[in-house]
Amino acid sequence: MLETTEYQETLDSFYNYLFGVIKLHRDTIPKLKDELMLIQSNSIDELNDNLNHQQIFLYQIKNFDQDVTAYMEKLGVSGENLTEVIGQFPPSEQSRFEALLLEFKEVSRELTFYKDKCQTLLQTKLHEVNKKMAQYKAKQDKITYGEDGKEEGSVKLPNAFEKSV
């Protein structure tokens with residue numbers, strides 16, 4: 001186990017790290033709300049920009065598991081989740097970490113809500129697009145007729161030359 005001051009500094013650093021990760025998640029919520037609005041308004045270019053900003057968020061938290069594991073090793077604790085890890089901290093520190101974990105759960109719940117709404121709306125929009133494409137899709141095999149009006153055969157024509165009668 002680390003010295004008392006070094007242990008406390010590592011514990012404080014871990015707390016600040018988790019606080020920063022929660023802040024990143026919280027800052028993403030307005031972007032998800034914007035995404036929902038952009039999906040509703042069919043604003044493809046703005047939606048693309050919004051998704052690029054969300055990719056930045058994913059890049060910022062990509063090493064979360066490794067970082068938490070490193071802190072756990074430094075602090076000499078183990079566990080399957082943060083609740084188990086916090087239970088191994090000194091009792092005087094557990095309450096502040098538990099409050100942080102509670103805040104993370106609330107932010108995570110809100111993120112999940114908006115992500116699910118966006119996913120549902122995107123699936124609905126995709127279904128509408130697929131239905132419209134199916135309505136406009138012409139038959140692939142066209143029958144051609146000769147000058148005498150007799151059927152000559154079946155030919156694949158490019159869509160630019162198709163006309164349904």
Side-chain angles (χ1 to χ4, degrees), residues 1-137 140 158-159:
M1 179 159 287
L2 300 172
E3 291 180 28
T4 308
T5 55
E6 190 178 344
Y7 181 83
Q8 187 61 45
E9 287 174 359
T10 304
L11 204 56
D12 290 341
S13 177
F14 185 45
Y15 179 87
N16 291 333
Y17 173 75
L18 292 175
F19 184 84
V21 169
I22 292 170
K23 183 180 181 322
L24 287 172
H25 281 80
R26 193 179 314 113
D27 292 346
T28 301
I29 292 171
K31 290 178 179 67
L32 286 171
K33 289 178 180 179
D34 290 344
E35 179 184 349
L36 188 60
M37 182 192 69
L38 293 169
I39 293 169
Q40 289 172 335
S41 65
N42 295 325
S43 303
I44 304 299
D45 291 334
E46 290 93 353
L47 181 60
N48 190 36
D49 291 341
N50 181 284
L51 293 174
N52 287 338
H53 288 291
Q54 288 183 44
Q55 287 177 344
I56 292 169
F57 161 74
L58 293 174
Y59 180 76
Q60 291 171 324
I61 64 165
K62 74 176 183 169
N63 293 325
F64 177 77
D65 289 337
Q66 292 100 332
D67 293 343
V68 169
T69 301
Y71 277 112
M72 288 170 53
E73 288 175 6
K74 282 184 182 177
L75 293 168
V77 294
S78 63
E80 292 293 316
N81 55 46
L82 287 175
T83 303
E84 291 179 12
V85 171
I86 291 170
Q88 298 173 43
F89 291 160
S92 60
E93 295 292 335
Q94 287 181 7
S95 62
R96 77 174 176 150
F97 278 94
E98 287 169 351
L100 199 61
L101 188 58
L102 182 63
E103 184 180 349
F104 180 72
K105 286 179 181 178
E106 290 172 15
V107 169
S108 179
R109 194 176 4 232
E110 193 171 358
L111 272 174
T112 302
F113 172 79
Y114 284 107
K115 282 183 178 181
D116 289 347
K117 287 283 187 189
C118 289
Q119 182 69 26
T120 301
L121 189 56
L122 278 173
Q123 287 175 343
T124 302
K125 294 282 185 175
L126 183 60
H127 179 71
E128 289 173 11
V129 167
N130 286 337
K131 272 179 54 178
K132 287 182 181 180
M133 287 176 59
Q135 288 174 354
Y136 292 113
K137 189 175 182 180
Q140 293 297 323
N159 288 344

Close side-chain approach of [X] to [Y], heavy-atom, < 4.5 Å:
X      : Y      : answer
Tyr15  : Phe89  : no
His127 : Lys131 : yes
Ile56  : His53  : yes
Val85  : Phe97  : no
Leu11  : Tyr71  : no

- [ ] Indicate yes or no for a side-chain donor-acceptor contact from Ser13 to the backbone of Glu9 under 3.5 Å, with no hydrogens or angles considered.
- [x]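 Pair absent, no side-chain N/O of Ser13 close to backbone of Glu9.
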Open item on the list: Strictly distance-based, threshold 3.5 Å: is any side-chain N or O of Asn16 a donor or acceptor partner for the main-chain N or O of Asp12?
Closed with: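 Yes; judged by distance alone, with no hydrogens or angles, the pair exists.
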If you take all heavy atoms of [X] and [Y], which pair is closest and at what distance?
X     : Y     : answer
Leu24 : Thr28 : O-OG1, 2.8 Å
Leu75 : Tyr7  : O-CE1, 3.5 Å
Pro30 : Arg26 : CD-O, 3.4 Å
Ser92 : Ser95 : O-OG, 4.3 Å

How far does [atom1] of [X] sit from [atom2] of [Y], to the nearest 0.5 angstrom?
X      : Y     : atom1 : atom2 : answer
Lys117 : Lys33 : NZ    : NZ    : 13.0 Å
Leu32  : Asn50 : CG    : CG    : 7.5 Å
Leu122 : Ile39 : CG    : CD1   : 3.5 Å
Gln54  : Leu47 : CD    : CG    : 8.5 Å
Cys118 : Met37 : SG    : CE    : 11.0 Å
Glu98  : Glu93 : CD    : CD    : 11.5 Å

TODO: Report the C-alpha separation of Leu102 and Glu106 in whole Å, then their side-chain angles, then the decisive distance to 0.1 Å, and conclude whether the side chain to side chain contact (heavy atoms under 4.5 Å, CB included) test is met.
DONE: CA-CA 6 Å; Leu102 182 63; Glu106 290 172 15; 3.8 Å; yes
Does [X] have more than 12 heavy atoms from other residues, nucleotides or ligands lying within 6.0 Å of its [atom1]?
X      : atom1 : answer
Gln66  : CD    : yes
Lys125 : NZ    : yes
Phe64  : CZ    : yes

Open item on the list: Under the criterion side chain to side chain contact (heavy atoms under 4.5 Å, CB included), I'd like the reasoning laid out for Tyr17 against Val21: C-alpha separation, chi angles, the key distance, then a yes or no.
Closed with: CA-CA 6 Å; Tyr17 173 75; Val21 169; 3.8 Å; yes
Open item on the list: Is there a side chain to side chain contact (heavy atoms under 4.5 Å, CB included) between Glu110 and Val107? Walk through the geometry before answering.
Closed with: CA-CA 5 Å; Glu110 193 171 358; Val107 169; 5.8 Å; no
Open item on the list: Go through it in stages, so that I can follow the logic: the residues are Asp27 and Phe57, the test is side chain to side chain contact (heavy atoms under 4.5 Å, CB included), and I'd like the CA-CA distance, side-chain angles, deciding distance and then a yes or no.
Closed with: CA-CA 9 Å; Asp27 292 346; Phe57 161 74; over 6 Å; no
